[in-house]
Amino acid sequence: MNNIKNFIKLDYISIKPYLTIKNLIILLFIVGIMSVSMQQIFIIFSASVLMGIIYVSYTFATAEINEMDPLYLTLPNSKKDIVLGRYTFVFIVMLFTILASLILALMFSYIIGLSFVIKDLLLVVFVNIYMFLMITSFQIPIYFRNGYSKSKAIALAPIYLLSFIIIILKKILDLLKIDVNKILLFVINNQFITITTSILLLIFIMFMSINLSIKFYEKREF
Amino acid sequence: MNSITINNLVKNYEKFKLDNVSFNVNKGYITGFIGPNGAGKTTVLKSILNLIKKDSGDIKLFDKDLETNTHLLNDVGVVLEYQYFSNDWTPIDVEKAISNYYENWDSNTYINYLNKFNLDKDKIIKDFSKGMKVKLKIACALSHNAKLLILDEPTSGLDPVARDELMEILQEYISDENNSVLFSTHITSDLEKIADYIVFIKNGKIIFDGEKDDLIEKYLLIKGGLNSITSTEKKKIIGYREYNTGFEGLIKSEDKINFNEKLIFEKVNLDEIIVFLNKEVHYEQH
């Protein structure tokens, strides 16, 4: 447990130079423009989640550019500690991202004068946490397997994959002549089942992701 | 107890193989690890530290297997040829990043080494010279009361003054009989000063493992005019090379009696041993 804590600190120190005021201003500017033009404050969550995912990739990029994996491995910790430390760090980044988004959303809602329904806000928070963890669960094992530079293009796949799945799903539903509204109605009427199933699926994917990362990192040579 | 025990280490690459490498690093001594470029020194060090997977063989640190006892690295100080630290870090960030890992990290020792090496603790590593980066790694390796130092080319990039300073530090370090050092280098003059044992690797095979003085006494440098040597004698010379004015080569000390008295025999140094053994071309193969 101590080594996981130590690794989180190491990761934080690694990406600290990128946590600049300049980056914060860029984020505020983008979400400000988007919120005003779309009259929608929930866009803040998507923009922040994207930023959070980029920061997660910085941990791998920094490690690769500065040849830090041999440093990790010559410190008194195991490869498993390193992988678990990285996942915990990612989880902390996710929590921080959502918290920051909440604060920004409240701030912008006050400044722009846009109101929102709490139930909608909770749904947006849930969806964004879900997306963050799903995308990083897909990306991290690839980074651990091939390193950052070889994985850059592939790591963007979940974003394309999602659009692809939606298109394919739509085609299948059309072919089978299933009404999308009926499915949406089912989801709305069975929120507990939908949420529970989604959470179980996420837990399963995260579990697989962590185990694959450990397996891949065990095999890596430096 | 040995600090490092390696038995029959094998690692296969497409064009290179570590071939049943076996040697020990004795507690209380400095072991120099020498060999020409590409001989396998770094591969052996990486195998010891588990940075690469061995194909077979047995490696023990303090009589234990590192793979299942990573806490052993608490007692190991490492200097490898990697960049190692983020370019955006300062030496203070380095301490923050790694000190918590070590049970015996000593902040005062670290700061003392930074001062000794004239490293500005607030300057980012990007602005450090190659030598300064090496010094920073050495400062880290020496700041957690390690019982074993594994140093891969620690003197490369250091000026003669800094090299001499490092030799002094290592001599002081080894005065504690519980400590030991495995020191790989091309600059063998450093080892001549401080090493007790030498492990010589060539083409992935250990060709000498023993006391430094034994290695130096094992060989002699032979010189002479071109006409002062017979062809039978030439065949016994390792790395025979001719110049306009004469020839030189390496012979085993025990073979001296087989050469005529007109020839000149001199003591060799480690550099010459590496150079001639690396050629290892006897006259008949010319």
Side-chain angles (χ1 to χ4, degrees), chain A residues 1-23 55 57-86 88-89 144-145 147-149 214-222, chain B residues 11 13 42-43 45-55 61 66-90 92-105 124-126 133 136-137 140-141 144 146 148-152:
Chain A
M1 190 62 198
N2 237 6
N3 282 339
I4 293 173
K5 231 165 70 184
N6 291 336
F7 194 78
I8 293 167
K9 190 175 175 189
L10 204 162
D11 257 355
Y12 168 68
I13 296 169
S14 297
I15 67 156
K16 198 178 72 177
Y18 304 101
L19 298 169
T20 57
I21 297 289
K22 193 180 90 184
N23 285 356
Y55 273 110
S57 70
Y58 282 175
T59 55
F60 290 94
T62 312
E64 185 170 297
I65 293 162
N66 299 300
E67 300 178 306
M68 287 167 73
D69 284 287
L71 166 71
Y72 302 157
L73 296 174
T74 50
L75 292 168
N77 67 164
S78 65
K79 285 186 171 176
K80 194 177 172 185
D81 291 335
I82 295 167
V83 173
L84 293 178
R86 179 64 48 86
T88 316
F89 181 73
F144 271 119
R145 187 175 188 273
Y148 175 75
S149 51
I214 292 171
K215 205 173 136 194
F216 290 152
Y217 202 52
E218 289 284 355
K219 281 188 184 166
R220 280 281 295 280
E221 294 194 334
F222 297 97
Chain B
K11 175 73 184 171
Y13 290 104
T42 302
T43 310
L45 298 187
K46 283 181 182 177
S47 303
I48 294 170
L49 292 163
N50 224 358
L51 293 175
I52 57 172
K53 297 263 171 226
K54 60 184 189 283
D55 291 327
L61 277 188
L66 180 62
E67 278 180 49
T68 47
N69 297 282
T70 48
H71 67 273
L72 292 172
L73 290 167
N74 253 311
D75 290 326
V76 183
V78 178
V79 175
L80 297 175
E81 282 192 295
Y82 296 100
Q83 157 80 25
Y84 230 56
F85 303 125
S86 170
N87 261 327
D88 297 306
W89 287 357
T90 64
I92 291 295
D93 290 326
V94 170
E95 186 181 22
K96 280 183 195 161
I98 68 168
S99 59
N100 286 339
Y101 276 98
Y102 294 107
E103 288 164 10
N104 299 317
W105 180 268
I124 57 167
I125 293 172
K126 203 188 294 180
K133 286 178 185 171
L136 180 62
K137 289 184 216 171
C140 291
H144 55 94
L148 166 68
L149 296 180
I150 297 178
L151 313 174
D152 190 12

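Here is how names work: the chains are called A, B, and so on, in the same order as the sequence lines, proteins then strands, and each is numbered from 1. Basis for what follows: all heavy atoms, side chains included, without hydrogens, waters or symmetry-related copies.
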For the candidates B:Ala97, B:Cys140, B:Ser86, which exhibits the highest count of non-hydrogen atom pairs separated by less than 4.5 Å from chain A?
B:Ser86

Heavy-atom proximity to chain B below 4.5 Å, by part of [X]:
X       : value
A:Pro17 : side chain
A:Thr62 : side chain
A:Lys16 : side chain
A:Phe7  : both

Examine the side chains of B:Thr42 and B:Asp152 and answer whether a donor and an acceptor come within less than 3.5 Å of each other.
yes

Pairwise salt bridge (Lys or Arg N to Asp or Glu O under 4.0 Å) hits with a residue in residues 46-55 of chain B, at least two apart:
B:Lys54-B:Glu67

Go through the steps to decide whether A:Phe144 and A:Phe216 satisfy the test ring-ring contact (aromatic ring centres under 6.0 Å, His included), and finish with yes or no.
CA-CA 6 Å; A:Phe144 271 119; A:Phe216 290 152; 9.1 Å; no

Does B:Lys133 offer a backbone N or O that forms a donor-acceptor pair with the side chain of B:Tyr84 under 3.5 Å?
no

Based on non-hydrogen pairs under 4.5 Å, which of A:Asp81, A:Ile13, A:Asn3 is most in contact with chain B?
A:Ile13

If you count heavy-atom pairs under 4.5 Å between each of A:Asp11, A:Ile65, A:Leu75, A:Leu73 and chain B, which one has the most?
A:Leu75

Should A:Asp69 and B:Tyr82 be marked as a side-chain hydrogen bond (donor to acceptor under 3.5 Å, both in side chains) after you check the CA-CA gap, both sets of side-chain angles, and the distance that decides it?
CA-CA 9 Å; A:Asp69 284 287; B:Tyr82 296 100; over 6 Å; no

Pair listing, side-chain hydrogen bond (donor to acceptor under 3.5 Å, both in side chains) test, anchored in residues 68-79 of chain B, at least two apart
B:Asn74-B:Glu103

